[in-house]
Amino acid sequence: MACRLANAKSSYDLIVIGGGSGGLACAKEGTTLGSKWGLGGTCVNVGCIPKKLMHQAALLNQSLKDAEAFGWQFDLKSKIIDWQKLRGAVQNHIRSLNWGHRVQLNENVSHLPFSKVDYMNAYGTFIDSHTIQAVGDKKKEVVYGENIVIATGIRPKYPQIPGVEEGITSDDLFCLAHPPGKTLVVGGSCEYQKRWQVPRFSPFRLLPAFISINVALECSGFLSGLGFPVKTMIRSIPLRGFDQLTVEWTDEHGKVFSETFDTLLWAVGREPRLSSMSIDKAGLLCHPKSGKLIVDDWDKTNVENIYAIGDIQHFYLPYPGVHLNHCINGYKFQACPTVENLASSSPSLIVVKSFGRLELTPVAIRSGKLLARRLFGGSKELMDYDRVPTTVFTPVEYSCVGLPEEVAIQKFGESEVEVYHASFMPLEFSVPQRKSEKCYIKVICKRSSPSHVLGVHYCGPNAGEIMQGFAVAMRCNLTVDQLLGTVGIHPTCAEELVKLKVTKRSGKSASVTGC
Ligand code: FAD
Ligand code: NDP
């Protein structure tokens with residue numbers, strides 16, 4: 001998308017490459033070039049939206065089973081998912097969102113500082129740091145921009161093994177023409193994995209470096225909920241080789257297994273596709289491992305007029321007061337510039353810490369908006385990555401905000417951290433006698449007054465809906481006394497959070513009994 005200010009004579013004041021969550025937010029706030037998808041990027045076309053709708057379809061299956069226990073009478077044996085109908089409904093909704101974004105882009109212009117926003121359905125590559133070649137289906141254009149925002153997101157990774165082409169990825173799953181049938185999902189960890197890093201010069205903020213949430217777990221969850229037999233293969237089980245769709249693998253004891261599947265879904269992570277964008281012509285640097293563009297606190301890349309937001313960015317923290325640009329002065333770029341080969345050829349490089357950002361839609365949206373406000377609205381507000389809530393939409397959902405227990409202990413010491421917890425049976429699980437041990441709550445707080453809450457973790461129904469409010473409270477520096485002094489809403493799952501009384505330290509049972 002290319003935007004022109006009211007007083008501009010020629011060219012564009014802002015070019016946004018990428019029409020996903022981050023790029024659209026940036027263009028609407030203050031414009032897209034790309035794939036065969038409609039506007040909305042990963043989230044709308046192959047991510048949050050189709051995933052949540054299929055998750056909902058799977059939850060309805062569980063509800064049908066529950067309904068029988070509540071007295072509903074119908075023939076459960078003949079129940080089967082009509083994949084084509086589900087896929088059609090999901091794809092229709094996606095198209096309506098694509099259209100909505102398109103309309104909004106035009107409508108929004110009157111509120112923007114721009115006199116004109118041009119939407120180009122084209123693939124953008126760099127000619128130099130101000131000039132983009134936009135190649136569409138029918139035409140090619142060269143556009144000049146004062147500022148350029150790269151919001152091109154990430155795409156599925158494929159493992160480097162024989163037979164890889166037999167599999168699909170989550171990008172293909174939501175529009176699969178036929179029911180997936182018996183599916184093997186490769187990727188995912190045994191547990192929700194969290195990696196955190198503390199920037200050396202940012203002692204007051206503990207930034208989540210990256211939370212591995214796992215497309216694998218979510219896809220396995222809803223496919224199995226829809227009634228397809230699913231097997232999930234995690235990294236600790238090495239893949240031996242592939243013969244069409246008969247998969248052979250060896251376990252840790254060397255025992256060899258073999259099984260035939262209808263669908264093989266690769267969910268081994270996602271990665272940028274920057275190599276086809278000629279970023280070297282603009283002098284842009286990317287991280288050697290993640291392949292993402294390096295940015296500073298202001299979302300600025302190493303090139304003065306180029307910014308990156310959303311999944312594509314990799315944060316670098318240079319020494320205080322030293323701008324990223326100053327760190328890399330004098331470096332002559334190579335075809336595939338990375339910070340590591342830069343480091344070896346430039347002794348003046350001083351990069352201190354680096355980590356990927358949270359790959360989440362609301363994070364991309366907010367940082368896109370804030371960037372536009374800084375570029376064109378005189379704002380100085382930076383994105384705050386602290387206490388960002390998130391939810392994993394597995395059959396039993398998991399949501400959290402703040403620190404995990406291990407990180408809280410690492411940061412403050414065991415004696416300074418109190419953990420309240422409860423395992424509970426949601427009322428709605430009682431009649432159908434669903435397993436109670438599946439639902440669990442953990443609240444981590446400081447022990448010394450004023451006992452600030454450091455982390456809230458909830459595993460149970462409607463996790464995302466419940467956590468959003470607690471995330472607001474956390475941003476207001478919630479203390480444990482305030483939490484436990486709040487009157488609950490009865491009978492809900494959320495009230496279990498304000499009824500917590502058992503600490504881990506006490507060693508008492510965390511099981512909640514009675515009403
Ligand atoms: P994207 O949304 O990926 O947008 C990038 C856009 O740039 C795309 O349209 C692409 O075609 C375009 N593009 C790329 N290269 C070029 C080029 N050279 N020229 C022009 N255009 C280009 N997040 C959540 O918060 N909640 C969820 O429940 C959730 N579920 C997810 C489920 C799945 C299966 C996946 C894969 C992701 C999920 N995410 C979820 C993550 C979320 O979708 C991403 O974090 C978010 O979409 C990132 O936005 P973005 O703007 O950075 O990139
Ligand atoms: P992730 O990096 O989160 O997970 C990839 C998984 O694949 C890891 O668990 C990794 O194992 C495993 N893996 C990697 N290589 C192999 C291999 N060769 N064999 C077996 N397993 C392998 O990527 P995702 O694609 O799942 O998610 C991408 C991003 O999208 C996430 O960062 C997340 O933020 C976002 N997302 C958000 C969702 C939400 O908000 N609900 C839902 C889905 C995605 P290991 O653990 O050993 O590294």
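When a ligand or atom number is given, it counts from 1 through the structure's own listing order. Side chains included, hydrogens not; waters and symmetry mates left out as well; all remaining heavy atoms used.
Heavy-atom contacts of Pro362 reach the following atoms of ligand 1: 25 (O) (cutoff under 4.0 Å). Every atom of ligand 1 with a heavy atom of Ala151 under 4.0 Å away is listed here by number and element: 4 (O), 5 (C), 6 (C), 7 (O). With ligand atoms numbered from 1 in the order given, ligand 1 contributes 49 (O) to contacts under 4.0 Å with heavy atoms of Ala364. Residue Leu360 has at least one heavy-atom neighbour below 4.0 Å for each of these atoms of ligand 1: 23 (N), 24 (C), 25 (O), 45 (O). Taking every heavy atom of Gly310 and a limit of under 4.0 angstrom, the matching atoms of ligand 1 come to 52 (O). Numbered from 1 in the order shown, with element, the atoms of ligand 2 that lie under 4.0 Å from a heavy atom of Leu360 read 40 (O). Those atoms of ligand 1 that come under 4.0 Å of a heavy atom in Glu359, given as number and element, are 41 (C), 45 (O). Heavy-atom contacts of Lys51 reach the following atoms of ligand 2: 41 (N), 42 (C) (cutoff under 4.0 Å). Near Arg270, meaning under 4.0 Å from one of its heavy atoms, ligand 2 places the atoms 25 (O), 28 (C). Residue-ligand proximity, Ile17 to ligand 1, at heavy-atom distances under 4.0 Å covers atoms 17 (C), 19 (N), 20 (C). Of all atoms in ligand 1, listed by their number and element, those nearer than 4.0 Å to a heavy atom of Met277 are 18 (N).
Within the 4.0 Å heavy-atom criterion, the part of Ala122 lying near ligand 1 is the backbone and not the side chain. If you look at Lys52 next to ligand 1, there are no close heavy atoms at all, none under 4.0 Å. Only the backbone of Val46 comes within 4.0 Å of ligand 1, judged by heavy-atom distances. If you look at Lys157 next to ligand 2, there are no close heavy atoms at all, none under 4.0 Å. Contacts of Cys48 with ligand 2, taken as heavy-atom pairs under 4.0 Å, are absent altogether.
Every heavy atom of Arg273 sits 4.0 Å or more from the atoms of ligand 1.
Note: no N/O pair closer than 3.5 Å links Glu218 and ligand 1 by distance alone. Geometrically, ligand 1 and Phe174 share no nitrogen or oxygen pair separated by less than 3.5 Å. Between Lys51 and ligand 1, at least one N/O pair is under 3.5 Å apart. For ligand 1, the polar-atom distance check finds no N/O of Val215 at less than 3.5 Å from any of the ligand's N/O atoms. For a threshold of 3.5 Å applied to N or O pairs, the pair formed by Thr42 and ligand 1 contains at least one separation below that value. Annotation: Asp311 places an N or O atom under 3.5 Å from an N or O atom of ligand 1; distance criterion only.
Every side chain to side chain contact (heavy atoms under 4.5 Å, CB included) that Ala267 has, sequence neighbours left out, goes to Val185, Val215, Ala216.
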Salt bridge (charged side-chain N to carboxylate O under 4.0 Å, His left out) between Arg366 and Glu381, intermediate numbers included = CA-CA 11 Å; Arg366 180 136 184 90; Glu381 191 181 349; 3.0 Å; yes
Starting from the C-alpha separation in whole Å, work towards a yes-or-no answer on side chain to side chain contact (heavy atoms under 4.5 Å, CB included) for Met277 and Leu274.
-> CA-CA 5 Å; Met277 286 178 67; Leu274 286 168; 3.9 Å; yes
Show your working on side chain to side chain contact (heavy atoms under 4.5 Å, CB included) between Asn45 and Asn98 and close with a plain yes or no.
-> CA-CA 8 Å; Asn45 297 281; Asn98 297 150; 3.3 Å; yes
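Atoms CD1 and CD1, on Ile132 and Ile150 in that order, are 7.0 Å from each other to the nearest 0.5 Å.
Using cut-offs of 30° and 60° for the angle between ring planes, the Trp83 and Phe228 rings count as perpendicular.
Note on Lys442 versus Glu405: salt bridge recorded, some NZ/NE/NH1/NH2 to OD/OE distance being below 4.0 Å.
A donor-acceptor pair is defined here as one N or O able to donate and one able to accept, closer than 3.5 Å; such a pair exists between the side chain of Glu218 and the backbone of Phe393. When atom types are taken as modelled, the side chain of Asp296 and the backbone of Asp299 share a donor-acceptor pair closer than 3.5 angstrom. A donor-acceptor pair under 3.5 Å is formed between the side chain of Asn302 and the backbone N or O of Gly283. A donor-acceptor contact shorter than 3.5 Å is absent between the side chain of Gln313 and the backbone of Ala151. Between the side chain of Asn61 and the backbone N or O of Gly225, at least one donor-acceptor pair lies under 3.5 Å.
Between atom 24 (C) of ligand 1 and the options Ile279, Thr361, Asn121, the minimum heavy-atom separation is to Thr361. Of the candidates Cys48, Gly47, Ser367, Cys48 brings a heavy atom nearest to atom 39 (N) of ligand 1. Around atom 25 (O) of ligand 2, the closest heavy atom drawn from Val215, Leu358, Thr391 belongs to Val215. Scanning Gly269, Pro389, Ala267, Pro156 for the heavy atom closest to atom 23 (O) of ligand 2 points to Gly269.
Under the salt bridge (Lys or Arg N to Asp or Glu O under 4.0 Å) criterion, no residue pair touches residues 81-98, with sequence neighbours excluded.
More than 12 non-hydrogen atoms from other residues, nucleotides or ligands lie less than 6.0 angstrom from CD of Gln62.
When ring centroids are compared, His55 and Phe222 stay outside the 6.0 Å threshold.
Residues His457 and Tyr398 bring a donor and an acceptor atom of their side chains to less than 3.5 Å of each other.
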